[in-house]
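Scroll down for the structure; my scribbles are underneath it.
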Amino acid sequence: MPLHRGAHPQRDEHSEERLRLALNPFYGEADPTAAMNTAPPRHKLPDGPLPPLTAYRLVHDELMLDGNSRLNLATFVTTWMEPQAGVLMGECRDKNMIDKDEYPRTAELERRCVAMLADLWNAPDPSTTVGCSTTGSSEACMLAGLALKRRWSRRNADRYPATARPNLVMGVNVQVCWEKFCNFWEVEARQVPMDGERFHLDPQAAAELCDENTIGVVGILGSTFDGSYEPIADLCAALDALQERTGLDIPVHVDGASGAMVAPFLDPDLVWDFRLPRVSSINTSGHKYGLVYPGVGWALWRTADELPEELVFRVNYLGGDMPTFALNFSRPGAQVVAQYYTFLRLGHDGYRAVQQASRDVACGLAREVEELGDFRLLTRGDELPVFAFTTNPAVHAYDVFDVSRRLREHGWLVPAYTFPANRQDLSVLRVVCRNGFTSDLAALLIEDLKALLPELRSQKHPLSHDRGAATAFHH
């Protein structure tokens with residue numbers, strides 16, 4: 001989560017007069033004058049309690065400034081679920097997911113979800129596939145990376161000391177959690193840069209970065225930069241050829257944070273999953289295209305052999321033997337229950353219908369953006385329901401950061417950001433279409449964009465001076 005600092009001594013101190021007026025007098029239900037004397041401090045605990053409705057209204061009013069999550073086209077995270085799912089989550093929010101002995105049925109629903117995903121991802125034997133729920137794909141990636149590193153250490157125990165620094169190969173477009181993994185667990189990150197119109201990993205370039213210290217290669221099924229799938233099958237083929245030449249047997253982890261819940265339904269002939277023998281593990285975010293509120297993720301390994309037993313903790317806790325593999329200990333069971341509900345609610349055909357609707361909206365919206373004439377599409381929403389676009393070379397009056405800023409004035413959150421090496425010259429806008437973002441909302445976005453273009457075209461030059469500060473892409 002973001003790292004926040006404490007109170008700012010000048011900015012956060014307010015006069016007694018301002019504090020007196022900080023509450024609506026009507027919030028003091030029995031005595032309207034009471035609320036005018038009870039505004040609490042914001043950066044230290046109040047001296048005494050507030051009535052529950054007053055505390056609620058204080059927090060509620062401030063959160064109104066967050067904006068409408070349904071109009072947030074930057075996030076991949078689910079922003080709408082059915083009321084019944086919300087009721088189930090409310091009923092389970094007090095259950096600690098880790099207490100499997102106390103909440104055996106919640107643990108059973110987690111086990112069923114793992115089995116369903118193993119079958120969905122074409123595991124050779126879903127009954128022997130091991131997996132677990134996590135707080136999201138970031139934790140799932142950390143766990144998968146740890147398993148890769150530990151397996152490498154075991155294979156090379158006679159050649160390297162425990163302090164040896166291995167490497168992990170990936171594209172420069174990976175989500176930041178992989179950089180965190182390498183930083184936190186002392187693994188060298190070897191990144192394949194972008195090149196020309198290739199905005200993700202090149203299989204041959206990835207194979208060339210591998211050596212005897214490589215713990216694995218990460219393939220991304222659905223890049224957050226532009227929504228494109230990386231060629232997982234080609235990556236495995238390149239590593240097969242590497243093994244034939246050198247004897248190096250490099251496993252592949254597929255980061256399917258988004259795509260692992262899209263491709264099985266919309267691209268069933270695309271081979272990216274456990275059908276490829278070199279794919280050792282896969283993760284996904286239940287709270288992205290798994291269609292569950294944050295935060296829940298999933299990590300699965302092809303067989304139990306892929307997950308070193310010494311990483312699994314078996315704790316005698318609250319009366320039962322509890323095997324766990326997680327960075328977190330206590331967390332609510334509500335999201336896991338919601339995932340199982342959604343699996344039951346939609347089934348294979350329902351997921352296909354939902355994801356196809358999102359892709360259709362994305363492709364249609366991308367075409368309309370292109371027809372405006374000012375923009376060039378990098379992707380078209382035909383893989384992930386996500387597309388990226390930039391301004392045409394003939395556009396000099398404004399840039400993508402101007403567009404993002406002006407759309408925000410209308411309530412739309414459309415991120416603008418600069419690509420990494422070797423395409424720092426390219427800045428783009430990206431639109432994520434999720435369940436709940438309908439063709440009607442897409443039409444409203446196009447209307448607002450059309451209304452802004454005359455003013456943007458009339459500018460003398462782009463207004464963004466510091467692109468690093470202007471970027472709205474941080475995840």
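These numbers come from the heavy atoms of this one structure, side chains and all, not from hydrogens, waters or symmetry mates.
Looking at residues two or more places apart in sequence or on another chain, you find a salt bridge (Lys or Arg N to Asp or Glu O under 4.0 Å) between Arg190 and Glu188, Asp211. By the salt bridge (Lys or Arg N to Asp or Glu O under 4.0 Å) test, Glu309 is found to be paired with Arg314, residues two or more places apart in sequence or in another chain being considered. With sequence neighbours excluded, the residues forming a ring pair (Phe, Tyr, Trp, His ring centres under 6.0 Å) with Phe387 are Phe389, listed by chain and number. Looking at residues two or more places apart in sequence or on another chain, you find a side chain to side chain contact (heavy atoms under 4.5 Å, CB included) between Leu413 and Asn72, Arg408. Contacts of Phe265 classified as ring pair (Phe, Tyr, Trp, His ring centres under 6.0 Å), with partners at least two apart in sequence or in another chain: His348, Tyr351. Residues satisfying the ring pair (Phe, Tyr, Trp, His ring centres under 6.0 Å) criterion with Tyr398, sequence neighbours excluded, are absent altogether. Among residues two or more places apart in sequence or in another chain, the side chain to side chain contact (heavy atoms under 4.5 Å, CB included) test is passed with Asn68 by Arg70, Leu71. Here Arg245 pairs with nothing under the salt bridge (Lys or Arg N to Asp or Glu O under 4.0 Å) rule; sequence neighbours left out. A search for ring pair (Phe, Tyr, Trp, His ring centres under 6.0 Å) contacts involving Trp301 returns Phe325, not counting sequence neighbours. Arg155 pairs by the salt bridge (Lys or Arg N to Asp or Glu O under 4.0 Å) definition with nothing, not counting sequence neighbours.
Residues Arg405 and Glu409 are not paired through a salt bridge, judged by the lack of any N-O separation under 4.0 Å between the basic side chain and the carboxylate. The pair Glu197-Arg423 meets the salt-bridge criterion, with a side-chain N (NZ, NE, NH1 or NH2) lying under 4.0 Å from an Asp/Glu carboxylate O.
Between the side chains of Asn435 and Ser358, no donor-acceptor pair of N or O atoms lies under 3.5 Å.
Applying the salt bridge (Lys or Arg N to Asp or Glu O under 4.0 Å) rule to pairs touching residues 258-284 yields Asp240-Arg278, Asp249-Arg278, Asp267-Arg359, Asp273-Arg275, sequence neighbours excluded. Among residues at least two apart or in separate chains, side-chain hydrogen bond (donor to acceptor under 3.5 Å, both in side chains) pairs with a member in residues 379-388 are Glu370-Arg380.
Residue Glu62 qualifies as open at atom CD: its count of foreign heavy atoms under 6.0 Å is 12 or below. Around the CZ atom of Arg112, the shell of radius 6.0 Å holds more than 12 heavy atoms that belong to other residues, nucleotides or ligands.
Looking at Lys149, its side chain does come within 3.5 Å of a backbone N or O of Trp185 through a donor-acceptor pair. At least one donor-acceptor pair closer than 3.5 Å links the side chain of Gln355 to the backbone N or O of Met261.
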* List the steps, then state whether side-chain hydrogen bond (donor to acceptor under 3.5 Å, both in side chains) holds for Thr224 with Gln175. => CA-CA 7 Å; Thr224 59; Gln175 212 268 356; over 6 Å; no

* To do: In sequence, state the C-alpha distance, the side-chain angles, and the governing distance for Asn392 and Asp374, and then conclude on side-chain hydrogen bond (donor to acceptor under 3.5 Å, both in side chains).
  => CA-CA 6 Å; Asn392 275 325; Asp374 286 38; over 6 Å; no

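Using a 30° and 60° split on the angle between ring planes, Trp178 and Phe181 fall in the perpendicular class, above 60°.
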